[in-house]
Amino acid sequence: MATKSKKACTISYHRVNWPIEIDKALTLQKVLTRVLGYLPSFADTTVNLGDGKAEIRHRLVQRSGLMLHVAAWTEGESVSTVPHTIKGPDGDLKAKKPEKDWDFLDSDGMIYVRGDHYLVLPNGLSASYLLQYIHNLIVHAREKGANLPDKIDKFDLIAIVNPKMAEKLTKEGVKKIIFDMGQFWETELTKADRKSSNLLVNLTRTIRTDFLTDDRRREQVKNFHNLNARLTLSLDSRLPGIKPKYLGKMTNNYIKHLKQDGGEDDQTGTVLVTARNTQIKGGDIVLKKHVKILKNAKSIVHNQAWEEMREYLRELSKDGMLEK
């Protein structure tokens, strides 16, 4: 019997941060339980997001926690296929349309909520997209008649710093921060937007100008799509200059930014290097767990994903990571 393949996934832990006007007795679990009571079917949970749609395909509502499997698709979109019957050196790809009353899955993800503890397991569907879906679902339920307080959909998520990583950074100190800015031409396009609040754009604007002073050369370089841009801030303690606490302060600011963004690092190549040469990826500073889940075609087996999320919450509770 063939062994079913598994997919590497990541569970991230967050805590819900409510607007000050919201009753402290309310939890996200209570709110979503009430919301789902007004949305009993697949169709009831369908929400338009951008060019696509998303809905809850599986749900489990219990006093011990609420589990959701959210799937996203683009209505009527075809998928490309690779026909192997074509002979010769060239062969066009084909397009397959979905059957009537069907659509092809774009991506999906899992959510587990217990009280105000929020765990997410993306499978192509990003954590920020899933959060946006939940926000819109609450608004949708209110439109259906759900009695919900104003601003109840305005909550955000706070990522929690892994204390082991924090201790390592504090004990060893940070001597180098590496920001991966992606392809250089995209960075140049972002630079043109003077309203951008992107940390790296503001931080590197002067550096890029000084480094590429020739306008003609700069025009050439920014069109090299295979050139990646990196910014490295490195501190050599053997030489006089700024104090080590400078990078420590920048590290703290970065962690604060990471927490407020729910643990998602849009600069996915950010690496912190300690004085002992320990390399810590930016996204690994916050609480998360890497797991392997059985594949189900493009999706994953939702029951196994849910059980892994339950187990991770139990581990966090055992380690004293959960607020009472």
Atom pair CZ (Arg59) and OG1 (Thr45), whose distance is rounded to the nearest 0.5 Å: 6.0 Å

How long is the gap from OG on Ser317 to CG on Leu322, to the nearest 0.5 Å? 5.0 Å

Would you say Ile56 and Leu137 make side-chain contact, with heavy atoms under 4.5 Å? yes

What residues form a salt bridge (Lys or Arg N to Asp or Glu O under 4.0 Å) with Lys144, not counting sequence neighbours? Asp44

Taking all heavy atoms of Phe104 and all of Lys96, pick out the closest pair and write down the distance. CE1-O, 3.3 Å

Using the rule that Ile, Leu, Val, Met, Phe, Trp and Tyr join whenever any side-chain heavy atoms are under 4.5 Å apart, tell me whether Ile111 and Val61 fall into a single cluster. yes

Nearest heavy-atom neighbours spanning Pro122 and Thr10: CD-O, 3.4 Å

Is there side-chain contact between Ile285 and Leu272, with at least one heavy-atom pair below 4.5 Å? yes

Extract all donor-acceptor atom pairs below 3.5 Å that involve side chains of residues 65-79 and protein atoms in other chains or at least two apart in sequence.
| residue | atom | partner | partner atom | Å |
| --- | --- | --- | --- | --- |
| His69 | ND1 | His58 | ND1 | 2.9 |
| His69 | NE2 | Asp108 | OD2 | 2.9 |
| Trp73 | NE1 | Asp103 | OD2 | 3.4 |
| Thr74 | OG1 | Asp106 | OD2 | 2.8 |
| Glu75 | OE1 | Lys53 | NZ | 3.1 |

Just jot down the side-chain hydrogen bond (donor to acceptor under 3.5 Å, both in side chains) partners of Lys6, sequence neighbours excluded, or say none. none

Check: Lys288/Asn162 side-chain N/O donor and acceptor closer than 3.5 Å: no

Which residue pairs pass the ring-ring contact (aromatic ring centres under 6.0 Å, His included) test with at least one member in residues 147-175, sequence neighbours excluded? Trp18-Phe155, His135-Phe155

Applying salt bridge (Lys or Arg N to Asp or Glu O under 4.0 Å), name anything that partners Glu55, two or more places apart in sequence or on another chain. Arg57

Glu143 meets the salt bridge (Lys or Arg N to Asp or Glu O under 4.0 Å) criterion, sequence neighbours left out, with none

Quick one: side-chain hydrogen bond (donor to acceptor under 3.5 Å, both in side chains) partners of His84, sequence neighbours excluded? none

Quick one: pull up OH in Tyr13 and NZ in Lys289 and give me the separation to the nearest 0.5 Å. 15.0 Å

Is there side-chain contact between Ile152 and Val31, with heavy atoms separated by less than 4.5 Å? yes

Once you round to the nearest 0.5 Å, how far does CZ of Arg63 lie from CZ of Arg114? 13.0 Å

What residues, two or more places apart in sequence or in another chain, satisfy side-chain hydrogen bond (donor to acceptor under 3.5 Å, both in side chains) together with Lys171? Glu167

Any idea which heavy atoms bring Ile11 and Tyr312 closest together, and the distance? CG2-CD2, 3.7 Å

Any Ser12 side-chain heavy atom under 4.5 Å of Val286 side chain: no

With sequence neighbours left out, the residues meeting side-chain hydrogen bond (donor to acceptor under 3.5 Å, both in side chains) with Thr33 are none

For the residue pair Asp92 and Pro83, establish whether any side-chain heavy-atom pair is separated by less than 4.5 Å. no

Lys7 and its side-chain contact (heavy atoms from CB on, under 4.5 Å) partner, picked from Lys295, Lys292, Lys298: Lys295

For Asp150, does the CG atom sit with more than 12 other heavy atoms under 6.0 Å from it, leaving out its own atoms? no

Close side-chain approach of His14 to Val120, heavy-atom, < 4.5 Å: yes

The criterion is salt bridge (Lys or Arg N to Asp or Glu O under 4.0 Å); which residues satisfy it with Arg314, sequence neighbours excluded? Glu307, Glu311

Looking only at heavy atoms, which two atoms of Leu49 and Ala54 are closest? And how far apart? CD1-CB, 4.5 Å

Is there a side-chain contact between Leu121 and Met309 (heavy atoms, below 4.5 Å)? yes

Is the shortest side-chain heavy-atom distance between Leu26 and Pro149 below 4.5 Å? yes

Suppose we screen for side chain to side chain contact (heavy atoms under 4.5 Å, CB included). Which residues come up paired with Glu172, at least two apart in sequence or across chains? Lys168, Thr274, Arg276, Thr278

Which pairs, with at least one residue in residues 27-36 and sequence neighbours excluded, count as a salt bridge (charged side-chain N to carboxylate O under 4.0 Å, His left out)? none

When you look at Val273 and Asn277, which way does the side-chain contact (heavy atoms from CB on, under 4.5 Å) test go after all the steps? CA-CA 6 Å; Val273 183; Asn277 290 319; 4.2 Å; yes

Carboxylate-amine/guanidinium contact Lys154 Glu21, below 4.0 Å: no

